[in-house]
Amino acid sequence: MTIQKTVLRALSGEALPVPPIWMMRQAGRYLPEYKATRAQAGDFLSLCYNPELAAEVTLQPIRRYGFDAAILFADILLLPQALGADLWFVTGEGPRLSTITTADQLAALKPAADVNDHLSPIYETIKILSKSLPVGTTLIGFAGSPWTVATYMIAGQGTPDQGPAHALKDENRLVFDGLIDIITDATIVYLSAQIEAGAEVIKLFDSWAGSLHGDDFAQYSIAPMRKITSALKSAYPDVPIIAFPRGAGEKYGNLHTAIGADCIALDDGVSADWAAKNVQTGGCVQGNLASRHMVTGGDALVAETRKIVDAFSGGPHIFNLGHGITPDADPENVQLMIDTVRGI
Ligand code: CP3
(Lines give C-alpha, C1' and ligand atoms only; values in the text may rest on other atoms or scores of the structure.)
Protein backbone atom coordinates (compact mmCIF):
# COMPACT_ATOMS: atom_id res chain seq x y z
CA MET A 1 0.00 0.00 0.00
CA THR A 2 1.37 3.44 -0.88
CA ILE A 3 1.28 6.00 1.87
CA GLN A 4 -0.37 9.18 0.62
CA LYS A 5 -0.34 11.47 3.63
CA THR A 6 2.77 13.65 3.64
CA VAL A 7 3.23 13.49 7.42
CA LEU A 8 3.19 9.68 7.34
CA ARG A 9 5.62 9.70 4.40
CA ALA A 10 8.08 11.89 6.31
CA LEU A 11 7.69 9.71 9.40
CA SER A 12 8.47 6.63 7.32
CA GLY A 13 11.82 8.23 6.44
CA GLU A 14 11.10 9.93 3.12
CA ALA A 15 12.74 13.29 2.32
CA LEU A 16 9.99 15.35 0.67
CA PRO A 17 10.60 18.34 -1.62
CA VAL A 18 8.32 20.42 0.63
CA PRO A 19 8.20 19.36 4.28
CA PRO A 20 4.74 18.82 5.78
CA ILE A 21 3.75 21.37 8.44
CA TRP A 22 1.82 21.53 11.66
CA MET A 23 2.32 23.62 14.77
CA MET A 24 2.36 22.88 18.49
CA ARG A 25 -0.69 24.49 20.19
CA GLN A 26 -2.10 25.20 16.73
CA ALA A 27 -5.56 25.23 18.31
CA GLY A 28 -5.22 27.97 20.88
CA ARG A 29 -5.77 31.44 22.20
CA TYR A 30 -4.06 33.28 19.30
CA LEU A 31 -7.13 32.32 17.21
CA PRO A 32 -10.37 34.30 17.71
CA GLU A 33 -12.45 31.25 16.69
CA TYR A 34 -10.76 29.20 19.46
CA LYS A 35 -11.61 31.84 22.06
CA ALA A 36 -15.22 31.86 20.90
CA THR A 37 -15.60 28.06 21.18
CA ARG A 38 -13.82 28.03 24.54
CA ALA A 39 -16.27 30.66 25.81
CA GLN A 40 -19.13 28.49 24.55
CA ALA A 41 -17.71 25.50 26.45
CA GLY A 42 -17.34 27.58 29.63
CA ASP A 43 -13.75 26.78 30.55
CA PHE A 44 -10.70 24.92 29.28
CA LEU A 45 -11.41 21.56 30.94
CA SER A 46 -15.07 21.58 29.86
CA LEU A 47 -13.77 22.15 26.33
CA CYS A 48 -11.38 19.17 26.60
CA TYR A 49 -14.18 16.85 27.78
CA ASN A 50 -16.77 18.00 25.20
CA PRO A 51 -16.12 15.80 22.13
CA GLU A 52 -18.05 17.96 19.64
CA LEU A 53 -16.40 21.21 20.74
CA ALA A 54 -12.93 19.65 21.19
CA ALA A 55 -13.20 18.28 17.64
CA GLU A 56 -14.34 21.71 16.45
CA VAL A 57 -11.28 23.51 17.90
CA THR A 58 -8.98 20.77 16.53
CA LEU A 59 -10.41 21.46 13.07
CA GLN A 60 -10.22 25.27 13.25
CA PRO A 61 -6.52 25.61 12.37
CA ILE A 62 -6.93 22.95 9.66
CA ARG A 63 -9.70 24.97 8.02
CA ARG A 64 -7.85 28.27 8.37
CA TYR A 65 -4.37 27.14 7.29
CA GLY A 66 -4.60 23.65 5.78
CA PHE A 67 -1.96 22.17 8.10
CA ASP A 68 -0.83 18.65 7.15
CA ALA A 69 -1.56 17.28 10.61
CA ALA A 70 -4.21 17.87 13.25
CA ILE A 71 -3.37 17.28 16.89
CA LEU A 72 -6.12 16.04 19.16
CA PHE A 73 -7.35 18.85 21.40
CA ALA A 74 -6.82 17.69 24.98
CA ASP A 75 -4.14 18.17 27.65
CA ILE A 76 -1.34 16.07 29.16
CA LEU A 77 -2.87 16.67 32.62
CA LEU A 78 -6.11 14.79 31.89
CA LEU A 79 -4.27 11.55 32.65
CA PRO A 80 -3.41 12.49 36.28
CA GLN A 81 -7.05 13.46 36.65
CA ALA A 82 -8.08 10.01 35.35
CA LEU A 83 -5.75 8.51 37.98
CA GLY A 84 -7.71 10.36 40.66
CA ALA A 85 -5.81 13.65 41.11
CA ASP A 86 -7.83 16.86 41.40
CA LEU A 87 -7.16 19.21 38.49
CA TRP A 88 -8.21 22.78 37.83
CA PHE A 89 -6.89 25.72 35.81
CA VAL A 90 -6.37 29.19 37.28
CA THR A 91 -6.94 31.79 34.56
CA GLY A 92 -3.75 33.61 33.71
CA GLU A 93 -1.65 31.26 35.86
CA GLY A 94 -2.02 27.69 34.62
CA PRO A 95 -2.79 24.24 36.00
CA ARG A 96 -3.22 23.25 39.65
CA LEU A 97 -3.37 19.65 40.92
CA SER A 98 -3.62 17.86 44.24
CA THR A 99 -0.09 16.65 45.03
CA ILE A 100 1.46 13.18 45.31
CA THR A 101 4.49 13.14 47.62
CA THR A 102 3.79 10.28 50.06
CA ALA A 103 3.35 6.51 49.84
CA ASP A 104 -0.27 6.87 51.06
CA GLN A 105 -1.13 9.39 48.34
CA LEU A 106 0.50 7.15 45.73
CA ALA A 107 -1.44 4.12 46.97
CA ALA A 108 -4.70 6.10 46.78
CA LEU A 109 -4.37 6.59 43.00
CA LYS A 110 -6.61 4.48 40.79
CA PRO A 111 -5.03 1.50 39.01
CA ALA A 112 -3.46 2.35 35.64
CA ALA A 113 -5.81 -0.09 33.90
CA ASP A 114 -8.86 1.92 35.04
CA VAL A 115 -8.22 5.26 33.29
CA ASN A 116 -10.34 4.58 30.21
CA ASP A 117 -13.74 5.34 31.77
CA HIS A 118 -12.71 8.86 32.71
CA LEU A 119 -10.99 9.42 29.36
CA SER A 120 -13.76 8.09 27.12
CA PRO A 121 -14.78 11.62 25.91
CA ILE A 122 -11.25 11.98 24.50
CA TYR A 123 -11.64 8.80 22.47
CA GLU A 124 -15.00 10.15 21.26
CA THR A 125 -13.25 13.34 20.04
CA ILE A 126 -10.79 11.18 18.07
CA LYS A 127 -13.65 9.22 16.48
CA ILE A 128 -15.36 12.44 15.36
CA LEU A 129 -12.06 13.75 13.95
CA SER A 130 -11.33 10.52 12.05
CA LYS A 131 -14.57 11.08 10.16
CA SER A 132 -14.25 14.82 9.60
CA LEU A 133 -10.61 15.55 8.75
CA PRO A 134 -9.63 16.19 5.11
CA VAL A 135 -8.21 13.04 3.44
CA GLY A 136 -4.61 14.28 3.40
CA THR A 137 -4.52 15.37 7.05
CA THR A 138 -2.90 13.10 9.63
CA LEU A 139 -4.43 12.83 13.11
CA ILE A 140 -1.93 12.97 15.98
CA GLY A 141 -2.81 11.67 19.44
CA PHE A 142 -0.56 12.45 22.40
CA ALA A 143 0.36 12.17 26.05
CA GLY A 144 2.91 13.73 28.37
CA SER A 145 6.04 11.74 29.17
CA PRO A 146 6.06 10.13 32.63
CA TRP A 147 8.71 12.55 33.92
CA THR A 148 6.89 15.66 32.71
CA VAL A 149 3.52 14.47 34.03
CA ALA A 150 5.16 13.52 37.34
CA THR A 151 6.61 17.04 37.73
CA TYR A 152 3.07 18.45 37.74
CA MET A 153 1.66 15.69 39.98
CA ILE A 154 4.40 16.20 42.58
CA ALA A 155 4.46 20.02 42.61
CA GLY A 156 0.72 20.50 42.01
CA GLN A 157 1.56 23.13 39.38
CA GLY A 158 4.14 24.14 36.79
CA THR A 159 7.53 25.10 38.27
CA PRO A 160 10.49 26.88 36.66
CA ASP A 161 13.06 24.22 37.65
CA GLN A 162 10.89 21.17 38.56
CA GLY A 163 12.40 21.50 42.04
CA PRO A 164 9.73 19.53 43.95
CA ALA A 165 10.03 16.55 41.58
CA HIS A 166 13.84 16.55 41.87
CA ALA A 167 13.50 16.75 45.66
CA LEU A 168 11.15 13.75 45.82
CA LYS A 169 13.48 11.80 43.49
CA ASP A 170 16.37 12.48 45.86
CA GLU A 171 14.52 12.03 49.15
CA ASN A 172 12.00 9.25 48.53
CA ARG A 173 13.06 7.20 45.53
CA LEU A 174 10.48 4.51 46.26
CA VAL A 175 7.51 6.87 45.95
CA PHE A 176 9.07 8.70 43.00
CA ASP A 177 9.72 5.46 41.08
CA GLY A 178 6.25 4.18 41.96
CA LEU A 179 4.72 7.34 40.52
CA ILE A 180 6.78 7.12 37.31
CA ASP A 181 5.70 3.47 36.94
CA ILE A 182 1.98 4.10 37.35
CA ILE A 183 2.07 7.06 34.93
CA THR A 184 4.00 4.90 32.42
CA ASP A 185 1.47 2.06 32.64
CA ALA A 186 -1.52 4.42 32.47
CA THR A 187 0.00 6.19 29.45
CA ILE A 188 0.25 2.88 27.60
CA VAL A 189 -3.44 2.22 28.32
CA TYR A 190 -4.38 5.78 27.29
CA LEU A 191 -2.38 5.85 24.04
CA SER A 192 -3.49 2.35 23.03
CA ALA A 193 -7.10 3.51 23.34
CA GLN A 194 -6.30 6.66 21.32
CA ILE A 195 -4.91 4.46 18.55
CA GLU A 196 -7.92 2.14 18.71
CA ALA A 197 -10.15 5.22 18.35
CA GLY A 198 -8.29 6.42 15.24
CA ALA A 199 -5.10 8.31 16.16
CA GLU A 200 -2.62 7.70 13.29
CA VAL A 201 0.52 9.03 14.99
CA ILE A 202 1.43 9.39 18.67
CA LYS A 203 3.47 12.21 20.18
CA LEU A 204 5.09 12.09 23.62
CA PHE A 205 5.70 15.51 25.17
CA ASP A 206 8.65 15.53 27.56
CA SER A 207 8.50 19.28 28.06
CA TRP A 208 10.78 19.23 31.11
CA ALA A 209 13.41 16.72 29.93
CA GLY A 210 15.95 19.57 30.00
CA SER A 211 16.18 19.59 33.78
CA LEU A 212 17.29 15.93 33.97
CA HIS A 213 21.08 15.67 34.02
CA GLY A 214 23.64 12.88 34.05
CA ASP A 215 22.19 9.40 34.60
CA ASP A 216 18.79 10.91 35.44
CA PHE A 217 18.22 11.80 31.79
CA ALA A 218 18.55 8.17 30.68
CA GLN A 219 16.70 6.80 33.68
CA TYR A 220 13.74 9.18 33.89
CA SER A 221 13.33 10.81 30.46
CA ILE A 222 14.48 8.06 28.06
CA ALA A 223 13.66 4.79 29.86
CA PRO A 224 9.97 5.47 30.62
CA MET A 225 9.39 6.76 27.08
CA ARG A 226 11.20 3.67 25.76
CA LYS A 227 8.86 1.45 27.79
CA ILE A 228 5.86 3.22 26.24
CA THR A 229 7.20 3.02 22.67
CA SER A 230 8.05 -0.70 23.10
CA ALA A 231 4.54 -1.51 24.32
CA LEU A 232 2.88 0.52 21.56
CA LYS A 233 5.17 -0.84 18.83
CA SER A 234 4.49 -4.44 19.82
CA ALA A 235 0.71 -3.88 19.67
CA TYR A 236 0.63 -1.29 16.83
CA PRO A 237 3.83 -1.66 14.79
CA ASP A 238 2.58 0.64 12.02
CA VAL A 239 1.78 3.65 14.19
CA PRO A 240 4.68 6.14 14.10
CA ILE A 241 5.81 7.81 17.32
CA ILE A 242 7.24 11.31 17.75
CA ALA A 243 9.17 12.04 20.95
CA PHE A 244 9.83 15.59 22.18
CA PRO A 245 12.52 15.67 24.87
CA ARG A 246 12.48 19.46 25.10
CA GLY A 247 15.69 21.08 26.26
CA ALA A 248 17.81 17.95 25.66
CA GLY A 249 20.55 20.12 24.06
CA GLU A 250 23.56 18.06 22.95
CA LYS A 251 21.84 14.94 24.35
CA TYR A 252 19.51 15.21 21.32
CA GLY A 253 21.97 13.03 19.35
CA ASN A 254 21.13 9.32 18.86
CA LEU A 255 17.73 9.54 20.51
CA HIS A 256 15.70 7.77 17.80
CA THR A 257 17.18 4.43 18.82
CA ALA A 258 17.36 5.15 22.53
CA ILE A 259 13.68 6.09 22.74
CA GLY A 260 12.45 3.80 19.96
CA ALA A 261 10.80 6.75 18.20
CA ASP A 262 10.32 7.32 14.46
CA CYS A 263 10.79 11.05 14.86
CA ILE A 264 12.53 13.35 17.31
CA ALA A 265 10.96 16.78 17.83
CA LEU A 266 13.50 19.57 18.32
CA ASP A 267 13.15 22.74 20.35
CA ASP A 268 14.85 25.90 19.12
CA GLY A 269 17.74 25.53 21.57
CA VAL A 270 19.63 23.49 18.95
CA SER A 271 20.55 24.87 15.52
CA ALA A 272 19.03 23.17 12.48
CA ASP A 273 22.52 22.73 10.98
CA TRP A 274 23.73 20.89 14.07
CA ALA A 275 20.56 18.79 14.26
CA ALA A 276 20.78 17.82 10.57
CA LYS A 277 24.22 16.32 11.26
CA ASN A 278 23.56 14.87 14.70
CA VAL A 279 19.87 13.98 14.95
CA GLN A 280 18.38 13.66 11.45
CA THR A 281 20.97 10.99 10.63
CA GLY A 282 18.88 8.71 12.89
CA GLY A 283 15.53 9.40 11.20
CA CYS A 284 12.81 12.00 10.81
CA VAL A 285 13.06 15.26 12.77
CA GLN A 286 10.39 17.79 13.56
CA GLY A 287 10.87 21.48 14.29
CA ASN A 288 12.23 23.93 15.10
CA LEU A 289 11.35 27.58 14.43
CA ALA A 290 11.37 29.77 17.58
CA SER A 291 7.77 30.57 18.58
CA ARG A 292 8.57 34.26 19.00
CA HIS A 293 8.65 34.64 15.19
CA MET A 294 4.88 34.09 15.27
CA VAL A 295 4.71 37.31 17.32
CA THR A 296 7.36 39.36 15.53
CA GLY A 297 6.95 38.18 11.90
CA GLY A 298 8.68 40.05 9.06
CA ASP A 299 11.96 39.33 7.30
CA ALA A 300 13.43 37.51 10.29
CA LEU A 301 10.57 34.97 10.21
CA VAL A 302 11.09 34.36 6.49
CA ALA A 303 14.88 34.08 6.77
CA GLU A 304 14.81 31.74 9.75
CA THR A 305 12.07 29.55 8.22
CA ARG A 306 14.09 29.17 4.99
CA LYS A 307 17.23 28.36 6.95
CA ILE A 308 15.46 25.51 8.76
CA VAL A 309 13.86 24.11 5.60
CA ASP A 310 17.26 24.20 3.82
CA ALA A 311 19.18 22.65 6.69
CA PHE A 312 16.82 19.64 6.86
CA SER A 313 16.18 19.30 3.10
CA GLY A 314 18.47 16.29 2.75
CA GLY A 315 16.36 14.01 4.94
CA PRO A 316 12.93 13.41 6.47
CA HIS A 317 11.58 16.56 8.13
CA ILE A 318 8.25 17.83 9.46
CA PHE A 319 8.21 21.60 9.85
CA ASN A 320 7.05 22.84 13.27
CA LEU A 321 7.85 25.38 15.94
CA GLY A 322 10.36 24.72 18.71
CA HIS A 323 7.54 24.94 21.29
CA GLY A 324 3.87 25.94 21.37
CA ILE A 325 2.60 29.10 19.68
CA THR A 326 1.83 31.79 22.29
CA PRO A 327 -1.47 33.65 22.78
CA ASP A 328 0.08 36.97 21.64
CA ALA A 329 0.98 35.53 18.19
CA ASP A 330 -0.41 37.18 15.05
CA PRO A 331 -2.42 34.71 12.92
CA GLU A 332 -1.03 36.40 9.79
CA ASN A 333 2.52 35.43 10.76
CA VAL A 334 1.43 31.78 10.79
CA GLN A 335 0.28 32.18 7.18
CA LEU A 336 3.59 33.84 6.28
CA MET A 337 5.48 30.88 7.79
CA ILE A 338 3.38 28.36 5.86
CA ASP A 339 3.74 30.27 2.57
CA THR A 340 7.50 30.44 3.10
CA VAL A 341 7.80 26.70 3.77
CA ARG A 342 5.65 25.89 0.74
CA GLY A 343 7.56 28.38 -1.42
CA ILE A 344 4.49 30.48 -2.23
O1 CP3 B 1 -3.02 22.37 19.81
C2 CP3 B 1 -2.40 21.52 20.49
O3 CP3 B 1 -1.15 21.51 20.59
C4 CP3 B 1 -3.17 20.40 21.14
C5 CP3 B 1 -3.62 20.57 22.48
C6 CP3 B 1 -2.64 20.65 23.61
C7 CP3 B 1 -2.86 21.50 24.72
N8 CP3 B 1 -1.90 21.23 25.66
C9 CP3 B 1 -3.96 22.46 24.85
C10 CP3 B 1 -3.85 23.54 25.84
C11 CP3 B 1 -1.48 19.92 23.86
C12 CP3 B 1 -0.75 18.94 22.98
C13 CP3 B 1 -1.03 20.28 25.18
C14 CP3 B 1 0.13 19.69 25.82
C15 CP3 B 1 0.57 20.20 27.12
N16 CP3 B 1 -0.20 20.63 28.16
C17 CP3 B 1 1.93 20.24 27.54
C18 CP3 B 1 3.10 19.76 26.73
C19 CP3 B 1 3.51 20.71 25.68
C20 CP3 B 1 4.15 21.96 26.18
O21 CP3 B 1 3.54 23.02 26.03
O22 CP3 B 1 5.29 21.88 26.71
C23 CP3 B 1 1.95 20.77 28.84
C24 CP3 B 1 3.18 21.02 29.67
C25 CP3 B 1 0.61 21.00 29.23
C26 CP3 B 1 0.12 21.49 30.55
C27 CP3 B 1 -0.57 22.79 30.42
N28 CP3 B 1 -1.77 22.99 29.79
C29 CP3 B 1 -0.12 24.04 30.89
C30 CP3 B 1 1.19 24.27 31.64
C31 CP3 B 1 -1.08 24.98 30.55
C32 CP3 B 1 -1.10 26.42 30.95
C33 CP3 B 1 -0.19 27.25 30.13
C34 CP3 B 1 -0.94 27.91 29.02
O35 CP3 B 1 -0.45 27.88 27.89
O36 CP3 B 1 -1.98 28.51 29.34
C37 CP3 B 1 -2.09 24.31 29.81
C38 CP3 B 1 -3.29 24.91 29.23
C39 CP3 B 1 -3.58 24.63 27.78
N40 CP3 B 1 -3.43 23.44 27.14
C41 CP3 B 1 -4.11 25.57 26.84
C42 CP3 B 1 -4.28 24.89 25.63
C43 CP3 B 1 -4.86 25.44 24.35
C44 CP3 B 1 -4.49 27.00 27.16
C45 CP3 B 1 -5.76 26.92 27.95
C46 CP3 B 1 -6.76 27.99 27.67
O47 CP3 B 1 -7.46 27.95 26.64
O48 CP3 B 1 -6.87 28.84 28.56
Side-chain angles (χ1 to χ4, degrees), residues 21-50 53-62 64-65 67 69-81 85 87-97 122 125-126 129 139-153 155-160 162 165 187 190-191 194 199 201-211 221 225 242-248 265-269 286-287 291 294 320-329 334:
I21 319 174
W22 67 280
M23 200 172 66
M24 283 185 270
R25 290 282 168 95
Q26 61 191 23
R29 287 161 295 180
Y30 74 106
L31 289 180
E33 58 267 37
Y34 169 82
K35 286 193 265 196
T37 310
R38 185 177 177 281
Q40 192 187 338
D43 57 53
F44 173 65
L45 282 177
S46 307
L47 178 55
C48 290
Y49 288 114
N50 181 320
L53 296 184
E56 165 58 23
V57 293
T58 307
L59 290 165
Q60 286 169 350
I62 309 304
R64 188 190 265 257
Y65 298 114
F67 282 118
I71 182 157
L72 162 73
F73 189 83
D75 198 87
I76 65 164
L77 300 177
L78 305 184
L79 186 73
Q81 198 180 27
L87 171 68
W88 67 103
F89 279 79
V90 181
T91 312
E93 289 185 32
R96 296 289 181 276
L97 300 91
I122 311 309
T125 306
I126 294 176
L129 287 168
L139 179 57
I140 304 174
F142 72 92
S145 74
W147 160 249
T148 287
V149 172
T151 65
Y152 288 95
M153 291 182 80
Q157 60 183 66
T159 47
Q162 298 75 58
T187 303
Y190 183 35
L191 293 176
Q194 289 189 27
V201 171
I202 290 298
K203 179 163 179 187
L204 286 170
F205 286 90
D206 198 357
S207 304
W208 298 118
S211 78
S221 175
M225 286 202 278
I242 304 170
F244 181 38
R246 189 168 75 94
L266 304 160
D267 63 76
D268 54 275
Q286 178 177 278
S291 305
M294 298 302 103
N320 205 304
L321 302 178
H323 200 195
I325 187 168
T326 51
D328 55 345
V334 176

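Read the numbers this way: they start at 1 and go in the same order the structure lists the ligands and their atoms.
By the 3.5 Å distance cut-off applied to N or O atoms, Thr148 is not counted among the residues near ligand 1. The N/O atoms of Arg246, backbone and side chain alike, include none that comes under 3.5 Å of an N/O atom in ligand 1.
The protein non-hydrogen atom at the shortest distance from atom 28 (N) of ligand 1 is Asp75 OD1, 2.7 Å. The single protein non-hydrogen atom nearest to atom 18 (C) of ligand 1 is Ser207 OG, 3.2 Å, given as residue, atom name and distance. Atom 7 (C) of ligand 1 has as its closest protein heavy atom Ala74 O, 3.2 Å. Atom 36 (O) of ligand 1 has its closest protein heavy atom at Arg29 NH2, 2.8 Å. With hydrogens left out, the protein atom closest to atom 14 (C) of ligand 1 is Ile76 CG2, 3.7 Å, a heavy atom.
Against a heavy-atom cut-off of under 4.0 Å, Tyr34 is close to the following atoms of ligand 1: 43 (C), 46 (C), 47 (O). Taking every non-hydrogen atom of Gln26 and a distance limit under 4.0 Å, the qualifying atoms of ligand 1 come out as 1 (O). Near Leu72, meaning under 4.0 Å from one of its heavy atoms, ligand 1 places the atoms 4 (C), 5 (C).
Nearest heavy-atom pair, Ala54 versus Cys48, reported as atom, atom and distance to 0.1 Å: CB-O, 4.1 Å.
Every heavy atom of Thr58 sits 4.0 Å or more from the atoms of ligand 1. Residue contact check for ligand 1: Pro327 places no non-hydrogen atom closer than 4.0 Å to it.
For atom 12 (C) of ligand 1, the choice among Phe142, Tyr152, Phe89 with the nearest heavy atom turns out to be Phe142. Between atom 13 (C) of ligand 1 and the options Gln157, His323, Arg25, the minimum heavy-atom separation is to Arg25. Considering each of Phe44, Trp208, Phe205, Tyr30, the one bringing a non-hydrogen atom nearest atom 42 (C) of ligand 1 is Phe44. The option from Gly158, Pro95, Gly94 that lies nearest to atom 30 (C) of ligand 1, judged by heavy atoms, is Pro95.
Using a distance-only test at 3.5 Å, with no hydrogens or angles considered, a donor-acceptor pair links the side chain of Asn320 to the main chain of Met24. At least one donor-acceptor pair under 3.5 Å links the side chain of Ser291 to the backbone N or O of His323. Not a single donor-acceptor pair under 3.5 Å links the side chain of Gln157 to the backbone N or O of Tyr152. Side-chain N or O atoms of Arg246 include one that pairs as donor or acceptor with a backbone N or O of Ser207 at under 3.5 Å.
With 3.5 Å as the limit, one finds a donor-acceptor pair spanning the side chains of Gln286 and Trp22.
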Given side-chain contact (heavy atoms from CB on, under 4.5 Å), test Arg29 with Phe44 step by step and report yes or no.
CA-CA 11 Å; Arg29 287 161 295 180; Phe44 173 65; over 6 Å; no

Pair Thr148-Ile76, side-chain contact (heavy atoms from CB on, under 4.5 Å): steps then yes or no:
CA-CA 9 Å; Thr148 287; Ile76 65 164; 3.8 Å; yes

Worked check of ring-ring contact (aromatic ring centres under 6.0 Å, His included) between Phe73 and Tyr34:
CA-CA 11 Å; Phe73 189 83; Tyr34 169 82; 5.7 Å; yes

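Inter-residue side-chain proximity for Gln60 and Thr37 is flagged as met; some heavy-atom pair is nearer than 4.5 Å.
The aromatic rings of Phe205 and Phe244 lie perpendicular to each other, with more than 60° between the two planes, well past the 30° mark.
Under 4.0 angstrom from ligand 1, the non-hydrogen atoms of Arg38 all belong to its side chain.
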